[in-house]
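Okay, so here's the structure we're looking at.
Throughout, residue positions are numbered sequentially from 1 according to the sequence presented. Everything quoted here is computed from the prediction, not taken from an experiment.
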Amino acid sequence: MSGGVEWALHCCVVLTSVEEPVPATKLAEFHDVSASYLAKQLQALSRAGLVRSVQGKAGGYVLTREPASITVLDVMEAVDGPAAAFTCTEIRQRGPLATPAESCTTPCPIARAMSTADAAWREALRAVSIADLAQDVAETSGPSAMTRVGAWLTTPQD
């Protein structure tokens with residue numbers, strides 16, 4: 001999983017604290033990350049329909065849906081794509097004792113184990129929403145944390 005997923009998730013969580021668009025530069029400053037790097041993650045979220053870009057002087061990014069309806073899996077797939085984490089290359093069909101392709105009628109045990117793990121991982125990510133993460137931030141960082149985040153994000157830039 002790329003580091004972009006982490007930044008995209010953080011952006012989605014902090015966007016729950018505001019009702020107005022937040023400029024990408026403000027999000028980048030808040031997270032102390034390169035604006036051009038973060039812009040790529042925001043564009044991926046936008047292509048996936050999770051955030052929307054608002055143009056103009058008061059422009060920026062807003063969530064397109066209720067935070068409870070956006071899952072961690074939605075964000076991960078928006079940034080990294082839907083491909084499985086593991087790709088079997090049929091190693092068992094290589095080398096001096098290679099198994100003939102016609103004998104490989106089912107996926108190898110390693111591919112099956114990895115597929116099972118990938119499915120469980122995706123189900124776990126599907127079970128956590130952006131609203132869940134925002135609530136957890138409030139519970140672990142104090143009840144005013146998200147209010148402070150929202151206030152900082154909406155303070156006009158110099």
Please give the remaining members of the hydrophobic cluster of Met114, linking ILVMFWY side chains under 4.5 Å, ordered by chain and number.
Phe86, Ile110
CG/Asp132 to OG1/Thr71 distance, rounded to the nearest 0.5 angstrom?
10.0 Å
For the CD atom of Gln135 and the CE atom of Met146, what is their distance to the nearest 0.5 Å?
11.0 Å
To the nearest 0.5 Å, how far apart are CD1 in Ile130 and CG in Leu9?
5.0 Å
SG of Cys11 to CG of Leu38: how many Å apart, nearest 0.5 Å?
4.0 Å
Nearest 0.5 Å, what's the CD-CG distance between Glu77 and Leu50?
10.0 Å
Could you tell me whether a side-chain N or O of Arg52 sits under 3.5 Å from a main-chain N or O of Thr64, the two making a donor and an acceptor?
no
Quick check: does any side chain N or O of Thr155 sit under 3.5 Å from a backbone N or O of Ala151, one acting as donor and the other as acceptor?
yes
Here the gap from Leu27 atom CG to Leu153 atom CG, rounded to the nearest 0.5 Å, amounts to 6.0 Å
Quick test of your reading: applying ring pair (Phe, Tyr, Trp, His ring centres under 6.0 Å), list the pairs with at least one residue in residues 114-152, sequence neighbours left out, ordered by first then second residue.
Phe30-Trp152
Contacts of Glu19 that satisfy side chain to side chain contact (heavy atoms under 4.5 Å, CB included) - sequence neighbours left out:
none
Heavy-atom nearest pair, Val13 first then Ala134, reads CG1-CA, 3.9 Å
Which residues pass the salt bridge (Lys or Arg N to Asp or Glu O under 4.0 Å) test with Asp118, not counting sequence neighbours?
Arg122
Just grab all the salt bridge (charged side-chain N to carboxylate O under 4.0 Å, His left out) pairs involving residues 84-107, residues at least two apart or on different chains.
Glu90-Arg92
Does any pair with a residue in residues 36-48 pass side chain to side chain donor-acceptor pair (under 3.5 Å), and if so which ones, sequence neighbours excluded?
Ser34-Ser36
Checking side chain to side chain contact (heavy atoms under 4.5 Å, CB included) against Cys12, which of Leu63, Leu42, Leu133 comes through?
Leu63
Check Glu123 with Arg126, please: is the shortest side-chain N to carboxylate O separation under 4.0 Å?
yes
